[in-house]
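Written below as C-alpha cells is the structure these notes are about.
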2 protein chains.
Amino acid sequence: MSMKTVSRKEEIIATASRLFKEKGYVAVSMRDIAQSMGIKAASLYNHIDGKQEILSTLILEVAHEFTNGMNQVAMENTGPIEKIKSVIEMHIDITVNYSEALAALNNDWMHLENDDLKDFVQMRENYEENFRHIIKDGINKGEIRPRHPEVILFSILSTLRTLYVWYQKRGKLDVNVLKKDMVAVLLKGIAV
Amino acid sequence: MSMKTVSRKEEIIATASRLFKEKGYVAVSMRDIAQSMGIKAASLYNHIDGKQEILSTLILEVAHEFTNGMNQVAMENTGPIEKIKSVIEMHIDITVNYSEALAALNNDWMHLENDDLKDFVQMRENYEENFRHIIKDGINKGEIRPRHPEVILFSILSTLRTLYVWYQKRGKLDVNVLKKDMVAVLLKGIAV
DNA sequence: AAATTAAACTAACAAACGTTAGTTTTGTGT
DNA sequence: ACACAAAACTAACGTTTGTTAGTTTAATTT
C-alpha cells in the first residue's frame with residue numbers, strides 16, 4: 001500500500017490553510033491551529049518558525065506555480081486566443097490542486113512581510129503584465145475585439161481568481177466540463 | 001457654498017472603511033482608526049457602540065443597495081439579456097458610489113455577528129438566486145447559450161464583485177465607457 | 001537495555017486588543 | 001458671563017495574541 005508521507009510541518013500548513021479560508025489569516029490564532037490538530041500551540045514550534053512562515057510557505061508555493069505556468073504559456077508557439085485558452089486551463093488546474101491555499105493567496109497576501117511581500121507583488125505584476133501583453137497582441141492581430149484591454153484582463157482574471165470559492169461549493173463538477181464551459185463563456189460570451 | 005454635513009459617526013465609518021480595505025477588518029485596531037483621525041481610541045466610543053457596529057453599518061447599507069437594485073431589475077418588463085445588462089450597470093453604479101465599503105462587504109462579511117450575519121447571508125443568497133433565475137430563463141428562451149448556469153452566473157458575478165479593486169487603481173476610467181465595454185465583454189465575449 | 005532524538009507538554013512573558021470609567025477641554029446657546 | 005452638551009482626554013480593566021523556556025513523554029537507534 002503506497003502512501004505519501006506527510007511531514008508534521010505539512011500537516012500544520014494544511015490545517016492552517018483550511019482555517020485561513022474560513023476566517024482569514026489574522027483571525028486564526030496559533031491556538032486555533034493547534035486545537036484543530038489536537039495539540040497545544042507551543043508544540044507547533046517544534047516544526048515551524050512561526051505563524052508568518054505558515055503564510056509565506058502557503059502563498060509563495062502557489063505563486064510560483066502561477067509564474068511557471070504563465071511563463072510556459074508565453075513561450076508557446078501559438079496565437080493569442082490559444083494562449084488565453086491555455087491560461088484559463090492552467091488556472092483551473094492550479095485551482096483544483098491548491099484550492100485551500102488559494103484563499104490565503106487571494107485574501108491574505110498583504111500580511112506577508114519584507115521580501116516575501118515584495119516577491120509576491122512582483123510576481124503578481126509580472127503575471128498581469130504577461131497576460132496584458134497577450135491581450136494587446138490579440139487586439140492588434142484582430143483576433144480579439146477592440147475593447148479596453150484592462151476591462152478584458154480583469155474580467156477574465158477576476159473570474160479565474162474567484163474560482164476557488166465556488167468550485168468545491170458546487171459539488172465538484174468535472175474539471176474538463178468546467179474548462180470547456182469556462183473557455184466558451186470567457187471567449188465567446190453568453191449571448192447567442 | 002452648499003456642503004453636505006458629515007456626522008462624526010460617518011467620519012469614523014469612512015475612515016475605518018479605508019483602513020479595512022488595506023488590511024482587513026481584524027487587522028485594523030480601534031487605535032488605528034483613532035490615530036487616522038487624530039484622536040484617541042476611547043474617544044470613538046462617544047459616537048459608536050463598538051467596532052462591530054462599524055462593520056455592520058458599512059456592510060449592510062451596501063447590501064441593501066444591492067438587494068433593492070436586484071429587486072428592481074427583476075420587476076423590469078424586459079427580456080433576460082436586457083435584465084443582465086441592467087444588473088451589470090447597477091453593479092457598476094454601486095461600485096462607483098460605495099467603492100470603499102465594498103472591500104469590507106467582499107472580504108469581511110464573515111466577521112459579522114448574529115442577526116447581521118444571518119441577514120447578510122440571506123440577502124446574498126436571494127441576490128444570487130434572482131440572478132440565477134434570469135440566466136436560466138435566458139437559456140430557456142434561447143437568448144443565452146446553453147452553458148452550465150453556475151459557470152455563467154459566477155463568471156459575471158466574480159467580475160462585478162472584484163470591480164472595486166481595480167476601478168480606482170486604473171485612474172478612474174469614465175463610468176459610461178466602463179459600462180459599455182463591460183457589458184460587451186461579458187455578453188459577447190472577447191473573441192472576434 | 002540504554003541512549004538519543006522527536007514531539008508533545010506546562011507555564012509564563014510582553015505586547016496588543018476592545019472596551020469602560022471618570023475627568024477635562026471645547027463649542028454652543030442663552 | 002454662565003450653563004450645558006458634545007467630544008476629547010488619561011488611565012486602567014480583563015482577554016487574547018505570538019512566542020519562549022524548560023520539562024516530560026513517546027518513538028527510534030545503537
Side-chain angles (χ1 to χ4, degrees), chain A residues 3-60 104 107-117, chain B residues 3-60 104 107-117:
Chain A
M3 193 159 153
K4 192 163 148 213
T5 310
V6 176
S7 79
R8 205 71 173 127
K9 181 170 176 174
E10 287 168 24
E11 277 186 64
I12 292 172
I13 292 173
T15 303
S17 69
R18 254 188 300 111
L19 296 178
F20 291 168
K21 190 167 66 172
E22 303 299 324
K23 309 197 297 172
Y25 173 72
V26 186
V28 174
S29 71
M30 295 299 273
R31 285 166 180 85
D32 290 336
I33 299 171
Q35 193 172 48
S36 249
M37 304 181 66
I39 61 176
K40 300 286 172 177
S43 306
L44 296 170
Y45 290 83
N46 285 319
H47 309 282
I48 52 160
D49 287 343
K51 196 185 179 188
Q52 181 68 206
E53 192 198 358
I54 300 178
L55 187 68
S56 63
T57 305
L58 204 56
I59 292 182
L60 290 180
N107 306 321
D108 291 317
W109 61 268
M110 70 285 280
H111 299 115
L112 289 170
E113 292 171 359
N114 308 322
D115 280 357
D116 289 335
L117 178 58
Chain B
M3 195 159 154
K4 191 163 146 210
T5 309
V6 177
S7 79
R8 204 73 172 124
K9 181 170 176 175
E10 286 170 88
E11 276 187 64
I12 292 173
I13 292 174
T15 303
S17 69
R18 253 189 300 111
L19 296 177
F20 291 168
K21 189 168 68 172
E22 302 300 324
K23 310 197 296 172
Y25 174 73
V26 186
V28 173
S29 70
M30 294 299 273
R31 286 166 180 85
D32 290 335
I33 299 170
Q35 193 173 49
S36 251
M37 303 181 66
I39 61 176
K40 299 288 171 177
S43 307
L44 296 171
Y45 290 83
N46 285 319
H47 309 282
I48 52 160
D49 287 342
K51 196 185 180 189
Q52 179 68 206
E53 192 198 358
I54 301 178
L55 187 68
S56 61
T57 304
L58 204 56
I59 292 182
L60 291 179
N107 306 322
D108 290 319
W109 60 269
M110 71 285 281
H111 299 117
L112 290 171
E113 292 171 0
N114 308 321
D115 280 356
D116 290 334
L117 178 58

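On a predicted model such as this, the values are computed, not experimentally measured, just so you know. Proteins come first, then strands; the chains are lettered A, B, ... in the order of their sequence lines, and each starts at number 1.
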Original post:
What is the distance, rounded to the nearest whole Å, between atom CZ of A:R31 and atom P of D:dT19?
Top reply: 11 Å
Subject >> Separation of atom CD in B:E11 from atom C1' in D:dA7, rounded to whole Å >> reply: 12 Å
**OP:** Select one nucleotide: of C:dT10, D:dC9, C:dG18, the one nearest the side-chain heavy atoms of B:A42.
**Re:** D:dC9
Original post:
Hey, does the side-chain of A:N46 have a donor or acceptor N/O within less than 3.5 Å of a partner on the base of C:dA6?
Top reply: no
Subject >> Atom-pair distance (CG on A:L44; P on D:dT19), nearest Å >> reply: 10 Å
Original post:
When you check the phosphate oxygens OP1 and OP2 of D:dC9, does a side-chain N or O of B:K40 lie under 4.0 Å from one of them?
Top reply: no
**OP:** Take the protein atom CD1 of B:I33 and the nucleotide atom C1' of D:dA8, then report the distance between them rounded to whole Å.
**Re:** 17 Å
**OP:** Could you tell me whether the phosphate oxygens of C:dC9, OP1 or OP2, come under 4.0 Å of any side-chain nitrogen or oxygen in A:S43?
**Re:** yes
**OP:** Grab the CE-P distance between B:M30 and C:dC17 for me, whole Å please.
**Re:** 12 Å
Original post:
So does B:H47 get a side-chain nitrogen or oxygen closer than 4.0 Å to the phosphate oxygens (OP1/OP2) of D:dA6?
Top reply: no
Original post:
Side chain of A:Y45: nearest nucleotide among C:dC17, C:dT10, D:dT19?
Top reply: D:dT19
**OP:** Rounded off to whole Å, could you give me the CE-to-C1' distance for the B:M37 and D:dC9 pair?
**Re:** 15 Å
Subject >> Separation of atom CD in A:E113 from atom P in D:dG18, rounded to whole Å >> reply: 12 Å
Original post:
Separation of B:I12 atom CD1 from D:dA7 atom C1', in whole Å?
Top reply: 10 Å
Original post:
Base, sugar-phosphate alone, or nothing: which one does A:V26 contact when heavy atoms must sit under 4.0 Å apart?
Top reply: nothing
**OP:** Between B:A27 and A:I39, just flag the one whose closest nucleotide in DNA chain C comes earlier from the 5' side.
**Re:** A:I39
Original post:
Hey, are A:D32 and A:S29 close enough side-chain-wise for a donor-acceptor pair under 3.5 Å?
Top reply: yes
Subject >> Contact under 4.0 Å: B:R8 side-chain N or O vs D:dA8 OP1/OP2 >> reply: yes
**OP:** Count the heavy atoms of every other residue, nucleotide or ligand shown that sit under 6.0 Å from CD of B:E11, and state whether that count exceeds 12.
**Re:** yes
